[in-house]
2 protein chains.
Amino acid sequence: MTNTPAASLLDDVDRALIVAIQTDGRATLAKLAETIQLSVSATRTRLRSLEEHGVIGDYRARVEPEALGYTLRAIVRMKVHGSLYDKVTAILASQPQIVRCLRVTGESCYVMEIVATGMSDLEQITSELSRVGSITTDLVYEMVVDRPIPL
Amino acid sequence: MTNTPAASLLDDVDRALIVAIQTDGRATLAKLAETIQLSVSATRTRLRSLEEHGVIGDYRARVEPEALGYTLRAIVRMKVHGSLYDKVTAILASQPQIVRCLRVTGESCYVMEIVATGMSDLEQITSELSRVGSITTDLVYEMVVDRPIPL
DNA sequence: GATGAAAAAGAGGCCTG
DNA sequence: CAGGCCTCTTTTTCATC
């Protein structure tokens, strides 16, 4: 991964491209070129550059978790002693159903998002976590908003 | 949006396709077809069907928020009286920097994720929220994990 | 599975700072 | 002169039958 001071090197055209590809990750170069008012090849050059510099990480389809059998989603906050961070890392590696994990300031050290096929499935994962730190689990009723980063 | 009992109608091939496209959202049909061991046209048919049934919602590039000038990310938990949900909806509509919002069980009613250009930017958004309910704000040090939903 | 259409990748030259 | 862009050509991928 080529490191770059990111933001500073980007001009308005780059930013427009980022917003476009964020909104439609499967847009063709021709479409992207049209929305940012550039030739197809210039668009391709910029897109590759953004990818190579890690500004654009990867591309994903957003999927209804129910389709894969996950009927439950939970937010787990976790308070851990710093000496146990390694154990957390190990759990994260072994539990792909922990789809998101942020290290944060404040009362909790970590905030995680977990998908599960049912309560017993969830309980199995959370019990593993609670061996390392103290946790609070909230079930998700509804994903109200989930949108790209704005310009 | 065409509604479907989702999960029940999917076979293993569909699930494999979902995982593939989730991991590489820009993969060509040929690539997808190869990974799921199917002809290109059959792959296309299945993909369209998944899209039309809303199993696959949309495609996005994942972007380094810093590239768009957002140096800060925060998790905000919010406790609101049910009669004020409309006000929350209004704020969500007017604040695109709230990139994620989940309605949850437990002490908080909502958990949100906010991107901001700096502390004063963040403060402006959170102060708006705190007019509607009581909030707790945690800053994000690090995104430890952010991965697709597993099979 | 074959065919015409579309998109992506590559090559070379032009314009501007 | 370098960097970025454009146009033209070839190869790959897509869609329809």
Side-chain angles (χ1 to χ4, degrees), chain A residues 1-64 67-68 148-151, chain B residues 1-4 6 9-70 148-149 151:
Chain A
M1 192 193 305
T2 320
N3 192 21
T4 310
S8 45
L9 305 178
L10 301 179
D11 62 14
D12 290 344
V13 180
D14 286 315
R15 274 183 273 272
L17 177 54
I18 289 170
V19 170
I21 194 85
Q22 218 190 171
T23 308
D24 181 3
R26 255 180 114 73
T28 64
L29 288 176
K31 251 179 226 110
L32 294 172
E34 198 199 338
T35 65
I36 68 173
Q37 296 286 65
L38 219 60
S39 80
V40 172
S41 55
T43 303
R44 180 167 42 109
T45 306
R46 280 176 181 261
L47 187 61
R48 288 173 90 86
S49 164
L50 290 171
E51 287 169 353
E52 278 162 12
H53 288 102
V55 172
I56 294 175
D58 59 3
Y59 299 90
R60 292 192 192 164
R62 286 196 323 135
V63 165
E64 208 71 47
L68 292 171
I149 295 165
L151 191 53
Chain B
M1 193 192 307
T2 320
N3 192 22
T4 310
L9 305 177
L10 301 180
D11 61 15
D12 290 343
V13 180
D14 286 315
R15 275 184 271 273
L17 177 54
I18 289 171
V19 169
I21 194 85
Q22 219 189 170
T23 307
D24 181 2
R26 257 179 112 73
T28 63
L29 287 175
K31 249 176 228 115
L32 294 171
E34 197 199 339
T35 65
I36 68 173
Q37 296 287 64
L38 219 61
S39 80
V40 172
S41 51
T43 304
R44 191 185 56 236
T45 307
R46 282 177 183 260
L47 187 60
R48 289 172 93 83
S49 162
L50 290 171
E51 288 170 352
E52 279 163 11
H53 288 100
V55 171
I56 295 175
D58 59 4
Y59 299 92
R60 291 192 193 164
R62 285 197 323 136
V63 165
E64 207 73 46
E66 288 81 6
L68 292 170
Y70 301 106
I149 295 165
L151 192 53

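Note on naming: letters A, B, ... go to the chains in the order of the sequence lines (proteins, then strands), and numbering restarts at 1 for each one.
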Report yes if a donor N or O on one partner sits less than 3.5 Å from an acceptor N or O on the other, where the partners are the side chain of A/Ser41 and the base of D/dT7; otherwise report no. yes

Could you pull out the closest heavy-atom pair between B/Gly25 and B/Tyr59, with the gap in Å? O-CD2, 3.8 Å

For A/Ile21 and C/dA8, what is the distance between atoms CD1 and C1' respectively, to the nearest whole Å? 13 Å

What is the distance from CD of A/Gln37 to C1' of D/dC5, rounded to the nearest Å? 14 Å

Mind calculating the distance between CD (B/Glu51) and P (D/dA15) to the nearest angstrom? 10 Å

Closest heavy-atom contact between A/Leu32 and A/Ala27? CD2-CB, 3.8 Å

In whole angstrom, give the distance that lies between atom CZ of B/Arg26 and atom C1' of D/dT13. 13 Å

Measure CG/A/Leu29 against P/C/dG10 and give the value in whole Å, please. 12 Å

B/Arg15 side-chain N/O to A/Leu68 backbone N/O, donor-acceptor pair under 3.5 Å: no

Would you say A/Arg46 reaches D/dC5's phosphate, i.e. side-chain N/O to OP1/OP2 under 4.0 Å? yes

A/Asp11 has an atom CG; how far is it from atom P of C/dT16, in whole Å? 18 Å

At under 4.0 Å between heavy atoms, what does B/Thr28 touch on the DNA or RNA strands: base, sugar-phosphate, or nothing? sugar-phosphate

Distance check needed: D/dC14 P versus A/Lys31 NZ, whole Å only. 13 Å

Expressed as a whole number of angstroms, how long is the span from A/Arg44:CZ to D/dC8:C1'? 13 Å

Side-chain donor or acceptor of A/Arg60 paired with backbone N/O of B/Arg62 under 3.5 Å: no

